[in-house]
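The chains referred to below are lettered A, B, ... by the order of the sequence lines, with proteins before strands, and numbering in each begins at 1.
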Amino acid sequence: MKHRWIMAISIGLLLACAATSLPVSASGARKILSVIVDTTADRSDEAQAISEYLRAVGVSAEVRVWEWSALKERILAGERQMYLTDWGSAYFDPFDLAVPKLKTGDRGNYSFYSNPRFDAALDAALGMSSAEAEARQRVYFEAQDILWEDAPWIFGYALLETEAARADVLDWRPSMDSRINLHDVGLKRGDTIVVGMAGDSILTLDPAAYRDRLTETVIRNMFDGLVTRTPDGRVVPEIAESWTALSDTEYVLKIRRGIKFHNGDALTADDVVFSFDRVIRDGAMGGRTSPRKGLLGTLVAVEKIDSHAVRFRLSSPFSVLLQALVHVQIVPKGYLLSVGDDAFARKPVGCGPFKFVEGRLDDKIVMERFGDYYGGSPDLQPVGPARVKRAIFRMMPDPTVRVAALKTGEVSIIQTVPAHLAANLLRDRNLQVKSAEGTRVYCVEMNCARPPFGDARVRKAMNHAIDWDTILNTIYAGGASRLATAFLPSGFGHNPDLEPYGYDPQKARALLAEAGYGAR
Amino acid sequence: MIRLGRVQVKVIERVVATIPLALAVALAAFVLMRAIPGDPVDIMMGEGASSSEEEMAALRTGLGLDQPIHRQLVVYLKALLRGDLGYSIVRSRPVAQMIREALPATIELAMCAMLFALALGIPVGVVSALKHNTAFDRVSTAVSFIGVSLPAFWLGIVGILVFSMTFGWLPTSGRIAYGMEPRHITGLLTLDALLTGDMTALGNALRHLCLPAAALGLGVAAVVARVTRSSMLDVLGSDYVLFARAKGVPEPAVTTRHALRNAMIPTVTLVGLQFGSLLGGNMIVETIFGWPGLGRVVVDAIFARDYPVVQAAVMVYALTFVGVNLITDLLYTVLDPKMALE
Amino acid sequence: MGQASLHTDELYQGALARSADMSGSSGARAGFWPRLMSHRGGRLGLIIVLAYVVVAVAAPVLAPYSPGAVDLVRRLVPPGLRTGNLLGTDQLGRDILSRIMHGARVSILVGLATVCISAFVGVGLGMVAGYYGGVLDRALARFTELLLAFPYLIFVIGAMSVMGPGFWNLVWALSFKGWVEFYRLARALVMSEKNREYVEAARVLGRSDGVILTCEILPNIVNSMLVLGTLRMGNMIVMESSLSFLGLGIPPRMPAWGSMINDGRRYMLTSPWVATFPGLALALLVLGMNLLGEGLRDVLDPKMMEG
């Protein structure tokens, strides 16, 4: 056959390409530390920069990009070495950050870190009542020192939550818990405000059936909680008028009078008891259990005292109860029981500033101002009905498209502006760009249960090898702040005096040599 | 007794034959999803505060995920035979309802992309063939190959930046503006608008469709143009066209009546096959344009390991694909009655 | 036989089996080269493809920088002669020209490897199915229907999650469906070849089926396979970019055009060159591949020769 040569060349080329493009394994007399840095696609750039820094100190590093759930399964099986991960905290407290991430055997402890002294400190702090703030803070400071010394992660950073709006949006500011509170926002012209959401879809309109922030951002414009948070993270009363701690495990909350649901029903203690019962009791949502149960810690019962007062009972002291209450929205008992759980999720009724009009979870959710709104938290100005007549949340998963839609005026506010576009938007006089401190910790976790990262010297070397300041100033355009450990500056108990590991490749090499690893 | 024609019998046979195919696809989806590492309950719980093992176990029991795989399969297949597609794990609502909402958007986008592809591809292909080896032919050849090789997501973003952001001609994303929706009849907004005579809704829906349909359809347009061109060349060189010319039939009539009709046969076949890739490939375009279709639902569901949603959606895709192919095969017999519908 | 598949086969039989008709003799006839070189499209395609191959092979010599050299300070430098980066730099400060050159070898490798695997599996199965027919043929027909009806991206996402990321895993995932076309074409061709005189003659001479398939029939259908392979290679390279979009592409240290286009997608508003140049590189190669494929088809099938 005369085309045999074509096939021969094809095969030859195939082999040549294969031979030259596969990494050649380094050979040398000394032991080389060789790691695979695992990441998801969104942090692939950062992972490549990190592996470049690791190569600079003589580590042979390669990046692998994974789909998160598949990677996580392998991380939990102990098969991976080093992985870029992140974890969001909603309580402004180590309760939902350091505890799940670093306590021995806890749910988010992907680094298999285990230090009894650290565990004891966390337990001690959580068991204290919220009155003992100073003692709790001392214990957390101690915990941070332990963490810093053990260096179970390559400690990373917190990204600023950057949002942008048209210039004619009044009194808008992003909040730390990524809530978009449209109640307080006004418009110079027009009466409809459209928000471009950074996601594919919200999960539900039932405030007891989800566990993600995107859904919460939308839902909290239709539902209010007993308490709420100011944009800078302080807990203030909302539906509740006041609270008193009877003991470490018993609280009494007075409920404001004159609050109406969107269907006209008055809000009473019965609705509050029902709403909490629905979250903490197994099978309370038409046979299913609410995924939000774990968010309420040791809460075991909510009891009615009279029509406008309830008692919260805990099985053991739970210092972040008030932070937790922010995340439970009150639903109307009578309406929900009469229509059932499924119908409620299709046509939700709350007591928030906006009432539901129509919507599809993966397209847009349309709400209208609720005329009989009680006004919201007195600590969050303005008090009264919402200022805009209509609010629409649109799902816009692609960041470039969100930015384009904001520039054309199709939407008024967008979530999550990519760092490199923030500067571009700032130059546009029709737009405003604002940031809030983030509540998500980004880091590189290492498998501390296995060599080579079982050795604290190697882990410290990794911390010294990476020039985070350059990474954050370039890839994230300065929109991020370094973290010394796994505690957020916005959260309770953060020690501002603890310095992050400095970029020091010499020291990194020395530590690696000490641990028995040589350079290439 | 009703006497069925040959075509009707064949259609019924084909429809019946899709049942085992649908079951096989459902089974494949079931196996694939169970093989993928990841735990839907764990993913649903997200992050934040700790959740006890008992809590997670209770959720798993409630969803039937603690059962052995073969038991789950039996439960699933039984429900399927009853026509019950199940309940979404993550979004806690019936899967059938989710698909009913999302499928029309996906079909509408795929059909418009196909129309775009045919409207662009066939004329280009025909003219290329008639003027073959001229500058037009060469340029259209080059452009259509470039069209095939540009990823739809890149085309989509460029389209948005140019036509929406710079010129402001078209909306960036979404399916229709709020308050414009026509009365719900079929779920295909353009069709509903036509049926109700709501011209503002039609205009608005079409404006939203332009960019995604073009981004999705450009690659197919290129393929259509190539196939039309080559089959047209084939037909133009065939005996009966020569014969028609010899008989003195005027050239335009030769082209349209004799040549084009026959040249369309491979194009129609192609449409059926390409429709599958449009349906399957649209999840990327849907993500870019925030198009509320099935593709995004499925990708989300895969990443969230929402088994029932993926299984049902895969089946819907498969059935749509088979259905479209059946329709194109029927078209085929219209174009060329000699062809038997096998 | 069934469903949608039949008409594809007819299409193939109609348009491509003719090439098999002729290839038996055209293979022996001289003048393949002159004819390819006198075919405008084919010549241009060959030149383009050869140029890419040269760049791919000589990338380490030709590329001005190392494709992986991260320099965060010099990120997103616009294209220009003065900056030293002719096509600019990407979001990690890597030289785009160098990455495109090195990317040629990765992307060509992806295309070549997937097409080789697809062709090997597809031709093998297709020949056996076409030659023997029967149960195996029917089973394969059902299986390929299933593959075609199953949404491909869903399958690939699933497969990549099961296997984990990696270059060869990606190649396998891409090949999984790619073989169907080869299978169908090979099957259709074998079905028309197997009743011809030369096969009959071989049978009379007592040759075994294996020998008949590999030594008699295969050489007569290999031309058509070659054409299909050339036409498919570009598709596979484009496909890789779709997977990158979903976060499942080639490991990032290997520069591949698909991943580069996807990386640049996020910077289209501010630094459009990051995605555009790899896109152009890809488009030109696909153009070359297809021109070459069509050229080969025309040359190997005199009936379709155009002046």
Side-chain angles (χ1 to χ4, degrees), chain A residues 67-70 72-74 87-91 95-96 99-100 103 106-108 192 194 200-201 203-204 206 209-213 282-283 285 287-289 291 293-297 324 341-342 345-346 360-364 366 390 392 394-398 400-401 403-405 407-408 410, chain B residues 36-56 58-59 62-63 87-88 90-94 97-98 101-102 105 153 156-157 160-161 164-165 168 171-175 177-179 181 286-293 296-297 299-300 302-305:
Chain A
E67 187 253 316
W68 169 240
S69 301
K72 185 170 148 191
E73 185 113 332
R74 288 181 169 87
W87 191 270
S89 161
Y91 284 11
F95 167 71
D96 63 351
V99 175
K103 207 175 141 180
D106 213 309
R107 199 165 77 87
T192 300
V194 186
D200 246 328
S201 173
L203 300 181
T204 175
D206 179 343
Y210 68 95
R211 190 91 184 240
D212 67 311
R213 277 210 190 172
D282 281 342
M285 292 169 57
R288 289 161 47 94
T289 306
K293 186 182 176 191
L295 296 173
L296 285 168
D341 294 89
D342 281 356
R346 281 201 297 277
R360 262 187 57 188
L361 303 178
D362 55 356
D363 185 15
K364 52 179 179 274
V366 183
R390 188 180 294 125
I392 300 176
R394 274 179 61 181
M395 304 303 142
M396 308 181 84
D398 191 273
T400 313
V401 177
V403 167
K407 285 199 164 200
T408 60
E410 256 178 75
Chain B
I36 297 178
D39 172 5
V41 170
D42 187 71
I43 295 165
M44 178 172 63
M45 297 308 280
E47 9 182 84
S50 315
S51 311
S52 63
E53 271 308 313
E54 302 94 76
E55 199 184 330
M56 310 258 287
L59 277 167
L63 295 164
Y87 215 74
S88 161
V90 180
R91 304 200 190 176
S92 39
R93 50 196 295 240
Q97 198 185 326
M98 291 170 66
E101 274 182 14
F153 64 80
I157 298 248
I160 289 172
L161 294 184
S164 305
M165 216 181 85
T172 56
S173 57
R175 204 172 163 213
Y178 171 66
E181 293 92 340
E286 284 180 6
T287 303
I288 297 279
F289 288 95
W291 191 264
R296 262 167 71 202
V297 171
V299 171
D300 258 12
I302 295 181
F303 288 146
R305 307 294 186 262

Q: Look at the side chain of Thr289(A) and the backbone N and O of Gly283(A), then say whether any donor-acceptor pair between them is shorter than 3.5 Å.
A: yes

Q: Under a 3.5 Å distance rule, please check whether Thr408(A) uses its side chain to pair with a backbone N or O of Ala405(A) as donor and acceptor.
A: yes

Q: Which atoms of Asp342(A) are under 4.5 Å from chain B, going by heavy atoms: the side chain, the backbone, both sets, or neither?
A: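 For Asp342(A), side-chain heavy atoms alone lie under 4.5 Å from chain B.
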
Q: Heavy-atom distance under 4.5 Å to chain B: side chain of Leu361(A), backbone, both or neither?
A: side chain

Q: Do the side chains of Glu73(A) and Arg305(B) get close enough for a salt bridge, i.e. N-O under 4.0 angstrom?
A: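 No, this pair does not count.
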
Q: Tell me, side chain or backbone of Met396(A) under 4.5 Å from chain B's heavy atoms, or both, or neither?
A: side chain

Q: Below 4.5 Å from any heavy atom of chain B, which atoms of Lys293(A) appear? Answer side chain, backbone, both or neither.
A: both

Q: For each of Ala105(B), Gly290(B), Ser173(B), tally heavy-atom pairs with chain A at distances under 4.5 Å, and name the one with the top tally.
A: Ser173(B)

Q: Can you say whether Asp200(A) sits under 4.5 Å from chain B via the side chain, the backbone, both, or neither, judging by heavy atoms?
A: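 Contact with chain B is through both the backbone and side chain of Asp200(A).
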
Q: Identify which part of Arg74(A) has an atom lying under 4.5 Å from any heavy atom of chain B, answering side chain, backbone, both or neither.
A: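 Side chain only.
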
Q: Checking heavy atoms, do the side chain of Ala345(A), its backbone, both or neither come under 4.5 Å from chain B?
A: neither

Q: Could you tell me whether a side-chain N or O of Arg296(B) sits under 3.5 Å from a main-chain N or O of Trp291(B), the two making a donor and an acceptor?
A: yes

Q: Counting heavy-atom pairs closer than 4.5 Å to chain A, which one of Arg175(B), Arg93(B), Glu101(B), Glu286(B) comes out on top?
A: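 Most pairs with chain A among the choices: Glu101(B).
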
Q: Given 3.5 Å as the limit, does a donor-acceptor pair link the side chain of Asp39(B) with the main chain of Val41(B), or not?
A: yes

